[in-house]
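Every value quoted in this text rests on a predicted model; they were computed, and no experiment measured them. Indexing begins at 1, ligand by ligand and atom by atom, following the structure's order. Numbering of residues begins at 1 and proceeds along the displayed sequence.
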Amino acid sequence: MAIHNVPIPSRQLYIDGEWREPVKKKRIPIINPATEDIIGDFPAATAEDVDIAVEAARRALARDDWGSTTGEQRAKYLRAIAAKVLERKSELAILESLDCGKTLFESAADLDDVAACFEYYADLAEALDLKRKTPVDLHLDSFKSYVLREPLGVVGLITPWNYPLLMATWKVAPALAAGCAAILKPSELASITCLELGEICREVGLPPGALNILTGLGPEAGAPLSSHPHVDKISFTGSAATGAKVMTAAAQLVKPVTLELGGKSPIVVFDDIDNLDIAVEWTLFGCFANAGQVCTATSRLIIQESIASAFLDRLILWTKNIKISDPLEEDCKLGPIVSSAQYEKVMKFISNAKNEGATILYGGERPQHLKKGYYVQPTIITDVNTSMEIWKEEVFGPVLCVRTFKTEQEAIELANDTEYGLASAIMSKDAGRCERFTKAFQTGIIWINCSQPSFCQLPFGGKKRSGFGRDLGEMGLEKYLNIKQVTEYTCDDAWAFYKSPSKN
Ligand code: NAD
């Protein structure tokens, strides 16, 4: 049985360094997806709260205790946040699992990544002090120029539920490192740990208004943030459909946006692999980790025909071995889907695939031993053609669809046969082939002989319908900076473009 003894904190909105009740006093229940029980609630912000938070953020930027800090000073806050996250790691991991159904092992790993990300951007904040003012040699005597890197201003950060605190951190850490003041709007499906980040910021003494956290519904809290005239940029992670809405709202004010959206990523497996089991395990991890609720999930297996039968046999054996249970149970490797609506959506994808003529080779049902909770068996679907919904649309659940290929050319065409462009994986021993695929894949992330490992030093994002801009890496910081060129005329002589009246 699941053993935990962590009370769900009851929080308000985190605005201006304080807990503040939403203007409309509305709250939203928290449902544990493993049990379907209501385990608490959280505040629901509306446009009125967005206005208050934006004002608090603007004041923070105008105050010396945040607006005039050096990168080195901001790094101290980021490191203190990282330390607090690690101090509370076991409690936060349980809260994350209770909230979104992620296995406890994965929640704990996420928290390590959260702390590492704050540390990484602390390093970049310190390095920013040296790059803040960069002279540019124009090879001219009459002009002196330099480039300034300054905080962009007030930024709105809108995030999804699949990695609740980690996705927030990918935006909060670089935004604070850059010196911006931020308003975070986490997903209404998993907000608990993001609110705890507010408590951590309060405890480490982050200046009021530097980070504000507004939980609530997308249309009620996210939309007014996207269209707010005093928010200088929106950094969004979520579905392509919502991303398009955010971009439309921001476009009315010519507000810059970055969009990290969904995917339908391929994993291409060649018959030259050394070890079938190693490739099978990466294929499972690539699609079933976090119950398949991963934007980069490699959910289209493209397997060379000559090994397809042997590979699928092994894949089924490994899949049968996956422990599906309450995410807090030891050795659980697959927890529930985040919500009842998402569960229904995943089940509909599976039944549509069946109706379109695909074969459910394994899974496709609720696991028989789990009567409650939003559980879906890990599912493998074959006899898929490229016009089927299951081949084209992001499922965001533990559902793998399979196609075979004969030639390299056919494999690359299948891999790129998607409107999305987030990630691709290739499994092959042939280094030349891996290089050819690295060039040919139309995505922002390439994995060679693995799938999913992600490191905060590397830029993360996609092309095509997967969005544009990058989180993480140095690019993840640059998107929160305003670049200002400064040019000084240093010559004593007149410019002499116009005729001087004194010479008439
Ligand atoms: P979603 O689009 O439903 O919601 C994302 C966020 O947008 C939430 O905070 C939501 O409240 C908010 N929102 C909803 N309507 C809004 C509106 N009109 N205006 C402004 N904000 C609004 O996405 P989700 O279901 O939470 O997350 C799953 C999606 O996220 C998947 O498509 C997945 O691929 C994608 N994702 C992408 C990445 C990446 O880095 N590319 C990472 C994780 C998840």
Discussion item. Is the contact between Gln293 and ligand 1 made by the side chain, the backbone, both, or neither, using heavy atoms and a 4.0 Å cut-off?
Written reply: neither
Practice prompt. Would you kindly specify which portion of Tyr163 sits under 4.0 Å from ligand 1, judged on non-hydrogen atoms: side chain, backbone, both or neither?
Written response: neither
Practice prompt. Identify the protein heavy atom lying closest to atom 5 (C) of ligand 1, giving its residue, its atom name and the separation to 0.1 Å.
Written response: Thr237 O, 3.8 Å
Discussion item. Here's one to test your reading of the geometry: is the NZ or CZ of Lys102 within 45 degrees of the ring axis of Tyr163 and under 6.0 Å from its centre?
Written reply: yes
Discussion item. Under 4.0 Å from a heavy atom of Ala223: which atoms of ligand 1 are those, numbered in the order shown and with their elements?
Written reply: 19 (N), 20 (C)
Fill in: For atom 28 (C) of ligand 1, the protein heavy atom that lies nearest, with its residue and separation
Phe396 CE2, 3.5 Å
Practice prompt. Heavy-atom distances under 4.0 Å are what count here, so tell me which part of Pro186 touches ligand 1: side chain, backbone, both or neither.
Written response: backbone
Item to complete: Measure centre to centre between the rings of Trp161 and Phe396, then say whether the value is under 6.0 Å.
Response: yes
Worksheet item: Is there a donor-acceptor pair under 3.5 Å between the side chain of Tyr121 and the backbone N or O of Ala75?
Response: no
Fill in: Phe236 touching ligand 1 at heavy-atom level, < 4.0 angstrom
yes
Worksheet item: Can you find an N/O atom of Trp170 closer than 3.5 Å to an N/O atom of ligand 1?
Response: no
Fill in: Tyr375 six-ring centre to Arg366 NZ/CZ under 6.0 Å and within 45° of normal
no
Practice prompt. Please report which non-hydrogen protein atom sits nearest to atom 21 (N) of ligand 1, along with the residue it belongs to and the distance in Å to one decimal place.
Written response: Gly222 CA, 3.6 Å
Worksheet item: Do any N or O atoms from the side chain of Asp41 and from the backbone of Arg27 form a donor-acceptor pair under 3.5 angstrom?
Response: no
Fill in: Residue, atom name and distance, where the atom is the protein heavy atom closest to atom 39 (C) of ligand 1
Cys295 SG, 3.3 Å
Discussion item. Once you restrict to heavy atoms under 4.0 Å, what part of Leu261 touches ligand 1? Side chain, backbone, both or neither.
Written reply: backbone
Item to complete: Considering heavy atoms of the protein only, find what lies nearest to atom 32 (O) of ligand 1 and give residue, atom and distance to 0.1 Å.
Response: Glu394 OE1, 2.6 Å
Worksheet item: If you count the atoms of ligand 1 from 1 in the order shown, which ones are under 4.0 Å from a heavy atom of Met167?
Response: 42 (C), 43 (C)
Practice prompt. Examine the proximity of ligand 1 to Val246 and report which part, side chain or backbone, both or neither, has a heavy atom under 4.0 Å away.
Written response: side chain
Discussion item. Once you restrict to heavy atoms under 4.0 Å, what part of Ile158 touches ligand 1? Side chain, backbone, both or neither.
Written reply: side chain
Discussion item. Give me the residue, atom name and distance of the protein heavy atom closest to atom 9 (O) of ligand 1.
Written reply: Thr159 O, 2.8 Å
Practice prompt. May I ask you to list the atoms of ligand 1 that are less than 4.0 angstrom from any heavy atom of Thr242?
Written response: 1 (P), 2 (O), 3 (O), 7 (O), 13 (N), 14 (C), 15 (N), 16 (C), 17 (C), 22 (C)
Discussion item. Using a 4.0 Å cutoff against the non-hydrogen atoms of Asn162, which atoms of ligand 1 qualify?
Written reply: 43 (C), 44 (C)
